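To start, the structure under review is shown below, and the notes come after it.
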Amino acid sequence: MRKHIVAGNWKMNTTVAEGVELAKAVVEKSAEIPADVKLIIAPPHTHLYPVHEVVEGTGVGLSAQNCADHEKGAFTGEIAVNMLAGVGCEYTILGHSERRQYYGETDEKLVEKIHLALAAGLSPIFCVGENLEEREAGRHFDVVNAQVKNVLNTLTAEEMAKVIVAYEPVWAIGTGKTASAEQAQEIHAEIRKTLAEKFGALAEEITILYGGSCKPSNAKELFACPDIDGGLIGGAALKADDFIAIALSF
Ligand code: PGA
């Protein structure tokens with residue numbers, strides 16, 4: 001039985017005070033969530049310390065949205081994996097399409113980051129997904145398979161067991177356009193097949209999340225698909241009620 005996860009990626013939204021309030025509301029409402037669904041929230045770096053104090057001991061997991069590609073040193077403006085672990089993060093998102101697109105994050109950089117994150121005891125939420133042009137050219141399987149293999153095939157099985165994968169078609173992120181349940185299921189199954197080529201039966205145990213305009217109105221249909229194990233939620237994670245409603249959609 002794979003773990004069901006609903007993770008909220010707050011991106012660059014909320015002040016610290018607003019973030020603490022949002023975390024409190026999520027914790028309060030998390031009592032309604034079935035025990036087999038794990039909630040994770042990923043606030044901006046500046047919020048991690050106070051939000052950790054809110055979520056500690058509640059079962060709501062804390063994630064960063066990114067980490068540095070070096071362990072420490074002269075890298076102005078960057079945040080190292082040990083710093084994230086030190087403020088109570090258990091997870092970090094890696095390879096989000098916004099990082100790939102706007103900050104030049106390559107598969108090579110992601111290989112460095114994922115190894116550092118795992119070494120620091122963080123579970124990576126590793127994002128993959130094609131853009132609209134790639135989808136329209138029918139290249140989505142190739143693009144996503146390459147993203148999966150280039151980074152995840154560098155891991156041992158023991159490391160891979162700690163990774164959560166998130167499939168997020170770029171054309172569906174923040175656009176209100178969701179992949180249909182069939183489109184999402186087909187590519188989730190493909191990702192699992194690709195993972196099985198390298199990791200065998202372990203692929204059946206890896207949680208694969210769907211992300212891209214996932215909201216209370218479409219979560220049920222998406223989560224009903226056999227290879228969709230939850231969601232990575234952007235916009236709808238900024239409202240505790242919507243985030244919880246999504247988590248109640250299994
Ligand atoms: P969205 O973002 O739910 O706002 O589309 C999802 C994500 O980018 O993780």
Side-chain angles (χ1 to χ4, degrees), residues 4-14 18-19 22-23 26 37-45 47-48 51 60-67 89 91-105 110 113-114 117 122-132 134-135 140 143-144 147-148 151 163-181 183-184 187-188 191 207-223 225 228-250:
H4 287 158
I5 294 174
V6 175
N9 174 12
W10 295 4
K11 308 192 181 183
M12 199 171 73
N13 293 298
T14 72
E18 288 163 351
L22 178 54
V26 168
V37 181
K38 173 84 180 167
L39 292 181
I40 299 172
I41 53 177
H45 284 141
H47 303 27
L48 292 170
V51 168
V60 176
L62 186 64
S63 177
Q65 298 175 13
N66 180 35
C67 70
C89 281
Y91 307 87
T92 182
I93 297 172
L94 286 180
H96 190 281
S97 62
E98 287 150 17
R99 304 272 340 151
R100 293 179 189 258
Q101 195 179 340
Y102 306 137
Y103 301 97
E105 206 145 278
L110 289 167
K113 291 186 179 196
I114 204 164
L122 300 175
S123 279
I125 302 173
F126 177 68
C127 304
V128 297
E130 81 285 358
N131 62 31
L132 185 60
E134 291 159 344
R135 163 72 55 174
H140 43 294
V143 168
V144 168
Q147 290 170 336
V148 167
V151 177
V163 176
I164 298 158
V165 178
Y167 167 63
E168 300 202 305
V170 178
W171 48 273
I173 295 178
T175 58
K177 229 178 170 183
T178 325
S180 69
Q183 283 173 323
I187 203 139
H188 278 234
I191 292 169
T207 294
I208 308 180
L209 308 178
Y210 169 78
S213 299
C214 184
K215 43 190 181 252
S217 59
N218 58 28
K220 217 176 190 69
E221 198 188 350
L222 288 160
F223 295 174
C225 298
I228 301 182
D229 308 313
L232 181 54
I233 319 299
L238 296 172
K239 288 199 187 118
D241 284 338
D242 286 352
F243 186 56
I244 296 296
I246 290 170
L248 288 170
S249 301
F250 285 101

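Counting starts at 1 for both ligands and their atoms, following the listed order. Given the structure is predicted, the values throughout are model-derived calculations rather than measurements. We number each residue from 1, following the sequence as shown.
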Looking at side-chain heavy atoms only, is the closest gap between Asn66 and Tyr103 below 4.5 Å? no
Short side-chain to backbone donor-acceptor contact, Glu130 and Arg135, under 3.5 Å: no
To the nearest 0.5 Å, tell me how far Ile246 CD1 sits from Asn218 CG. 7.5 Å
Audit row: Leu222, Thr178, side-chain contact (heavy atoms from CB on, under 4.5 Å) steps and yes/no: CA-CA 10 Å; Leu222 288 160; Thr178 325; 4.0 Å; yes
So for ligand 1, is Gly212 a polar contact partner (N or O within less than 3.5 Å, distance only)? no
Heavy atom of Ala172, distance to ligand 1 below 4.0 Å: yes
In terms of ring plane angle, is the pair Phe250 and Phe223 parallel, tilted or perpendicular, where the classes change at 30° and 60°? parallel
Only heavy atoms of Asn9, strictly under 4.0 Å: list the atoms of ligand 1 that pass. 9 (O)
Does ligand 1 come near enough to Gly235 that some N or O of the ligand is less than 3.5 Å from an N or O of the residue? yes
In Å and rounded to the nearest 0.5 Å, what is the CG to CD1 distance from Leu62 to Ile40? 9.5 Å
Any non-hydrogen side-chain atom of His45 less than 4.5 Å from a side-chain atom of Leu48? yes
Polar contact flag for Thr175 and ligand 1 (N/O pairs, less than 3.5 Å): no
Ligand-side contact atoms (ligand 1) for residue partner Gly174, heavy atom cut-off under 4.0 Å: 1 (P), 4 (O), 5 (O)
If we set the cut-off at 4.0 Å for heavy atoms, which region of Ile173 has an atom near ligand 1: side chain, backbone, both, or neither? both
What protein heavy atom sits nearest atom 2 (O) of ligand 1, and how far off is it? Lys11 NZ, 3.3 Å
Please state which protein non-hydrogen atom is closest to atom 3 (O) of ligand 1 and give its distance, to 0.1 Å? Gly234 N, 2.9 Å
Is ligand 1 less than 4.0 angstrom away from at least one heavy atom of Gly211? no
Report the nearest protein non-hydrogen atom to atom 9 (O) of ligand 1: residue, atom name, distance rounded to 0.1 Å. Glu168 OE2, 2.7 Å
Taking side chain as C-beta onward, heavy atoms only, is Leu122 less than 4.5 Å from Cys67? no
For ligand 1, is there an atom lying under 4.0 Å from some heavy atom of His96? yes
